[in-house]
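Read the numbers this way: they start at 1 and go in the same order the structure lists the ligands and their atoms.
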Amino acid sequence: MSRPIIIAHRGASGSYPENTLLAFQKALEAGAKWFELDTQLVDGELVVFHDDDLERTTNGRGLLRNTPLAELRLLDAGRGEKIPLLHEVLSLAAGRAKVNIELKGLGTGEATAALLDGLFTQKKFMPADILASSLLLSELNIFRQLMPQVKRAAIYEELPSELATELYRLDCWSVHLHKSLITDGVIKMAAQQGSKVFAWTVNEEIEFTRLVGLGVMGVFTDYPERFLMRGR
Ligand code: G3P
Ligand code: MG
């Protein structure tokens with residue numbers, strides 16, 4: 001059984017407030033070599049946040065996209081943490097962890113490419129240490145045009161009928177599938193297109209063992225400390 005990549009999903013989000021600098025710091029302390037985060041565009045700035053709404057993870061109300069950035073930055077995202085900016089999380093990760101940036105929402109492909117371009121030019125981050133992913137194949141395509149040197153991944157909640165064609169067209173390094181979709185056949189099909197299969201979100205030992213046995217090469221988990229001994 002090969003050792004999969006262990007990706008701290010929204011940081012060490014099972015134990016700390018998701019998508020906060022605290023959760024990413026704790027993932028590093030646990031030994032995580034990979035983070036996953038969600039990014040959205042607000043007032044022209046990339047923030048690290050998962051939901052459309054503020055209620056579940058902050059003391060704010062309403063839609064993220066309708067809230068001015070200055071107000072967002074005053075909210076408590078848990079344990080007194082702020083909603084971080086993407087460049088803040090990348091600064092924390094630089095030289096310590098690779099980052100899977102999930103592009104959530106229109107405009108994120110272009111804005112993320114612009115931010116990364118600056119960081120790469122300043123040698124603050126290496127292209128090899130970024131993986132861009134999205135459920136929005138249009139954003140992934142825009143990102144690909146602007147940053148062809150950065151690895152990409154398509155995310156699926158349901159399997160499309162034309163999975164092989166989509167992976168071929170997008171030239172994806174990996175495909176990120178909900179764990180319920182993963183079969184031996186899907187892994188073989190992805191491999192034929194040159195894509196590794198990563199599973200989300202895996203928090204239990206029994207499912208980790210099943211998925212890695214099938215050939216999954218990356219695992220998103222809210223509890224990186226549970227699996228790092230058996231991954232990398
Ligand atoms: O990228 C894997 C996973 O994060 C996708 O789902 O909803 O947790 O962003 P979600
Ligand atoms: Mg995500």
Under the ring pair (Phe, Tyr, Trp, His ring centres under 6.0 Å) test, which residues partner Phe24, sequence neighbours left out? Phe35

Please report which non-hydrogen protein atom sits nearest to atom 10 (P) of ligand 1, along with the residue it belongs to and the distance in Å to one decimal place. His50 NE2, 3.3 Å

Salt bridge check: are Lys26 and Glu81 linked by an N-O gap of less than 4.0 Å? no

Taking atom types as modelled, is there a side-chain donor on Glu166 or Tyr156 under 3.5 Å from an acceptor on the other? yes

Quick one: nearest non-hydrogen protein atom to atom 5 (C) of ligand 1, plus distance? Glu102 OE1, 3.5 Å

Could you tell me, atom by atom, which parts of ligand 1 come under 4.0 Å of a heavy atom of Ile155? 1 (O)

What is the OE2(Glu36)-the Mg ion (ligand 2)-OE1(Glu102) angle, to the nearest 10 degrees? 90°

Side-chain donor-acceptor pair under 3.5 Å between Asp76 and Asn59, yes or no? no

Got a sec, which residues hit salt bridge (Lys or Arg N to Asp or Glu O under 4.0 Å) with Lys179, two or more places apart in sequence or on another chain? Glu207

Would you please determine whether His178 falls within less than 4.0 Å of ligand 1 on a heavy-atom basis? no

Once you measure the plane-to-plane angle for Phe198 and His176, does it fall in the parallel (<30°), tilted (30-60°) or perpendicular (>60°) bin? parallel

Which atoms of ligand 1 are found less than 4.0 Å from any heavy atom of Trp200? 2 (C), 3 (C), 5 (C), 6 (O)

Pair Arg56 + Glu18, salt bridge at N-O below 4.0 Å: yes

Would you check whether Lys104 reaches within less than 4.0 Å of ligand 1, judged by its heavy atoms? yes

Any atoms of ligand 1 less than 4.0 Å from a non-hydrogen atom of Arg10? List them with their elements. 7 (O), 8 (O), 10 (P)

Restricting to N, O or S atoms of Asp38, which is nearest to the Mg ion (ligand 2)? OD1

Please state which part of Asp38 comes within less than 4.0 Å of ligand 1, counting heavy atoms only: side chain, backbone, both or neither. side chain

Just jot down the ligand 1 atoms closer than 4.0 angstrom to any heavy atom of His9, in number order. 3 (C), 4 (O), 8 (O)

